Amino acid sequence: MFGRVRFVLNETSHPGNVGSAARAIKTMGFGRLVLAAPRAGAGILRDPEAIALASGADDVLANALVLPDLDAALQGVSWAVALSARSREYGPPNADPRESAALAVEHAGQGDAVAFVFGSERTGLSNADVERCNALVHIPANPEYSSLNLSQAVQLIAWEMRMACLAHERGHAPGAALATAPAVLSPGAAQHEALATRDDVEGMLAHLERALVDLDFLDPDNPKKLMTRLRRLFAKSHLAREEVNILRGIAKHILERRMRR
Ligand code: SAH
């Protein structure tokens, strides 16, 4: 379970934060740290400040993956959670840290990789980065000063994930932790049905987008927020793999009909 959880730091600047994040996740039993496009490049892992602050988690630091962008960092992940110090008008459904950990464990429990994505020190995550994820989490800190240090945000989420993973291992019924989650976040898929992965949903959205352009429903020169709204709709509905296949089938038929004409 713990091995299926990735902590992704996007465009991080400070080596000290990378070292501290390594320590934060190791103290909670995790070991997968992924850096997407760190400002200083892959050398950040060997920075003396990173090594000093990682302390006994130097192995996590040394084994961290450095990837060119967020898409690469999320490859193979079926459930991704964006962490934001700010609230957003658009984007995936909101959850609090505890609810998001319960849901992530539900995905990990069926064998899927899950990721928590943290933004850069200066600008946080862009809207486009947030949209790549299935849920958006804000740590409900002091409303007058709610921006935590990056590695401290990692620590808090790692702790919530540890609690959720241990509860799962103790044999709490899957979904039991979800009893308190809002309906908008409870899985829509019937029990025992395989949930679609992020890659499945991204592939379906690209397919659907082509079909909507073909139907003249979507104007590629003036797309407005249509795909963003659809992304949000599908994020809310916890699609099963089978349901993604139905949607792809519909898109396929739309595109084929046009070709026959
Ligand atoms: N100045 C940035 C904040 C950067 S803090 C901004 O305005 O967005 C660095 C990262 O730590 C954030 O991108 C987020 O991933 C995480 N973080 C900090 N405080 C948080 C909070 N209250 N809730 C959720 N994530 C938080």
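If you're wondering where the values come from, they're calculated on a predicted model, not measured in any experiment. Remember, it's 1-based here, ligands and their atoms both numbered in the order they're listed.
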From atom 6 (C) of ligand 1, work out which of R86, E121, Q152 has a heavy atom at the shortest distance.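 Nearest option to atom 6 (C) of ligand 1, by heavy atoms: R86.
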Would you mind telling me if ligand 1 is within reach of the side chain of P140, the backbone, both or neither, using heavy atoms under 4.0 Å?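 Neither; no heavy atom under 4.0 Å.
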What atoms of ligand 1 come closer than 4.0 angstrom to any heavy atom of [X]?
X: H138; result: 22 (N), 23 (N), 24 (C)
X: S147; result: 3 (C), 5 (S), 19 (N)
X: F118; result: 15 (O)
X: S146; result: 19 (N), 20 (C), 21 (C), 22 (N)
X: V137; result: 24 (C)

Check this for me - ligand 1, N149, N or O atoms closer than 3.5 angstrom, yes or no?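 By distance alone, the answer is no.
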Backbone or side-chain N or O of I139 under 3.5 Å from ligand 1 N or O: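 Yes; at least one N/O pair falls below 3.5 Å.
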Assess whether atom CZ of R6 is packed by more than 12 heavy atoms of other residues, nucleotides or ligands within 6.0 Å.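 Result for CZ/R6: enclosed.
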R32 atom CZ, neighbour heavy-atom count above 12 within 6.0 Å: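 No, because the 6.0 Å sphere around CZ of R32 holds 12 heavy atoms or fewer from other groups.
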What is the nearest protein non-hydrogen atom to [atom], stated with its residue, atom name and distance?
atom: atom 16 (C) of ligand 1; answer: A153 CB, 3.7 Å
atom: atom 5 (S) of ligand 1; answer: L148 O, 3.6 Å
atom: atom 14 (C) of ligand 1; answer: L83 O, 3.2 Å

Angle class for the F2/F30 ring planes (parallel below 30°, perpendicular above 60°, tilted otherwise)?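 Because their plane-to-plane angle lies in the 30° to 60° range, the rings of F2 and F30 count as tilted.
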Under a single-linkage definition using a 4.5 Å side-chain heavy-atom cutoff for Ile, Leu, Val, Met, Phe, Trp and Tyr, are V244 and L208 assigned to the same hydrophobic cluster?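 In one cluster with V244: L208, yes.
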Can you give me the closest heavy-atom contact between V60 and L33, atom names plus distance?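 Heavy atoms of V60 and L33 come nearest at CG1-CB, 4.1 Å.
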